[in-house]
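What follows is a short report on a single structure.
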Amino acid sequence: MTCNSVAPGPIATALTRDVTYALDDQVIKRMGTPEEVGAAVAYLASPGAAYVTGQVLSVCGGAAMG
(Lines give C-alpha, C1' and ligand atoms only; values in the text may rest on other atoms or scores of the structure.)
Protein backbone atom coordinates (compact mmCIF):
# COMPACT_ATOMS: atom_id res chain seq x y z
CA MET A 1 0.00 0.00 0.00
CA THR A 2 1.26 3.49 -0.83
CA CYS A 3 0.30 6.89 0.53
CA ASN A 4 1.10 9.93 -1.61
CA SER A 5 -0.48 13.30 -2.30
CA VAL A 6 -0.46 16.07 -4.88
CA ALA A 7 -0.13 19.69 -3.73
CA PRO A 8 -1.17 22.00 -6.57
CA GLY A 9 -0.17 25.64 -6.72
CA PRO A 10 -2.18 28.27 -8.59
CA ILE A 11 -4.28 26.47 -11.21
CA ALA A 12 -6.23 28.25 -13.96
CA THR A 13 -9.87 27.20 -13.68
CA ALA A 14 -13.23 28.91 -13.91
CA LEU A 15 -13.11 29.44 -10.15
CA THR A 16 -9.73 31.23 -10.29
CA ARG A 17 -10.49 33.31 -13.39
CA ASP A 18 -10.95 36.53 -11.37
CA VAL A 19 -8.22 35.85 -8.79
CA THR A 20 -4.88 37.66 -9.04
CA TYR A 21 -1.74 35.72 -8.14
CA ALA A 22 1.76 37.11 -7.68
CA LEU A 23 3.62 34.93 -10.15
CA ASP A 24 6.86 36.95 -9.87
CA ASP A 25 8.11 34.68 -7.07
CA GLN A 26 7.35 31.57 -9.08
CA VAL A 27 9.94 29.89 -11.34
CA ILE A 28 7.43 29.22 -14.13
CA LYS A 29 5.62 32.52 -14.67
CA ARG A 30 2.15 31.19 -15.39
CA MET A 31 -0.69 29.38 -13.70
CA GLY A 32 -0.90 25.64 -14.05
CA THR A 33 -3.65 23.73 -15.80
CA PRO A 34 -6.00 21.08 -14.49
CA GLU A 35 -4.43 18.69 -17.02
CA GLU A 36 -1.00 19.19 -15.41
CA VAL A 37 -2.41 18.30 -11.99
CA GLY A 38 -4.21 15.32 -13.53
CA ALA A 39 -0.95 14.09 -15.07
CA ALA A 40 0.69 14.10 -11.63
CA VAL A 41 -2.24 12.17 -10.14
CA ALA A 42 -2.15 9.71 -13.05
CA TYR A 43 1.57 9.13 -12.49
CA LEU A 44 1.08 8.40 -8.79
CA ALA A 45 -1.74 5.99 -9.66
CA SER A 46 0.32 4.24 -12.34
CA PRO A 47 2.44 1.11 -12.05
CA GLY A 48 5.51 3.33 -12.58
CA ALA A 49 4.97 4.81 -9.12
CA ALA A 50 4.47 1.46 -7.37
CA TYR A 51 7.59 1.98 -5.21
CA VAL A 52 6.86 5.65 -4.43
CA THR A 53 5.29 6.23 -1.01
CA GLY A 54 5.08 8.94 1.61
CA GLN A 55 5.60 11.74 -0.93
CA VAL A 56 3.95 15.07 -1.59
CA LEU A 57 4.26 15.95 -5.27
CA SER A 58 4.20 19.75 -5.66
CA VAL A 59 2.62 20.79 -8.95
CA CYS A 60 3.18 24.49 -8.40
CA GLY A 61 5.43 25.90 -11.11
CA GLY A 62 8.20 26.37 -8.59
CA ALA A 63 6.17 28.47 -6.13
CA ALA A 64 7.23 26.16 -3.29
CA MET A 65 10.91 26.90 -4.00
CA GLY A 66 10.74 30.48 -2.74
Side-chain angles (χ1 to χ4, degrees):
M1 173 187 263
T2 62
C3 181
N4 299 297
S5 63
V6 174
I11 303 299
T13 68
L15 293 175
T16 61
R17 176 181 38 225
D18 298 325
V19 177
T20 303
Y21 289 97
L23 299 175
D24 294 339
D25 296 333
Q26 193 167 301
V27 175
I28 300 174
K29 308 285 189 224
R30 65 173 177 82
M31 293 179 70
T33 66
E35 293 78 12
E36 290 168 321
V37 176
V41 172
Y43 164 69
L44 288 176
S46 76
Y51 201 61
V52 177
T53 190
Q55 301 302 305
V56 177
L57 184 55
S58 294
V59 182
C60 65
M65 296 174 67

- prompt: What's the spacing between T2 OG1 and Q55 CD if we round to 0.5 Å?
  reply: 10.5 Å
Point-to-point distance, once rounded to the nearest 0.5 Å, from OG1 of T13 to CG of L15: 4.5 Å
query: Does the side chain of P10 reach to within under 4.5 Å of the side chain of T16, using non-hydrogen atoms?
result: no
query: Are V41 and Y43 joined in one hydrophobic group, where the rule is that I, L, V, M, F, W and Y side chains link up if heavy atoms are under 4.5 Å apart?
result: yes
task: Kindly give the heavy-atom pair with the smallest separation between K29 and L23, and that separation in Å.
output: CD-O, 3.3 Å
Criterion side-chain contact (heavy atoms from CB on, under 4.5 Å) on L44 and V52, from CA distance to verdict: CA-CA 8 Å; L44 288 176; V52 177; 4.3 Å; yes
task: Work out which heavy atom in V56 is nearest to a heavy atom in A7; give both atom names and the distance.
output: CG1-CB, 3.8 Å
- prompt: Under a single-linkage definition using a 4.5 Å side-chain heavy-atom cutoff for Ile, Leu, Val, Met, Phe, Trp and Tyr, are V19 and I11 assigned to the same hydrophobic cluster?
  reply: no
task: Can you measure from CD (E36) to CE (M31) and round to the nearest 0.5 angstrom?
output: 11.0 Å
task: Looking only at non-hydrogen atoms, find the nearest pair between P34 and A12 and report the distance.
output: CD-O, 3.5 Å
Minimum side-chain heavy-atom gap N4-L57 below 4.5 Å: no
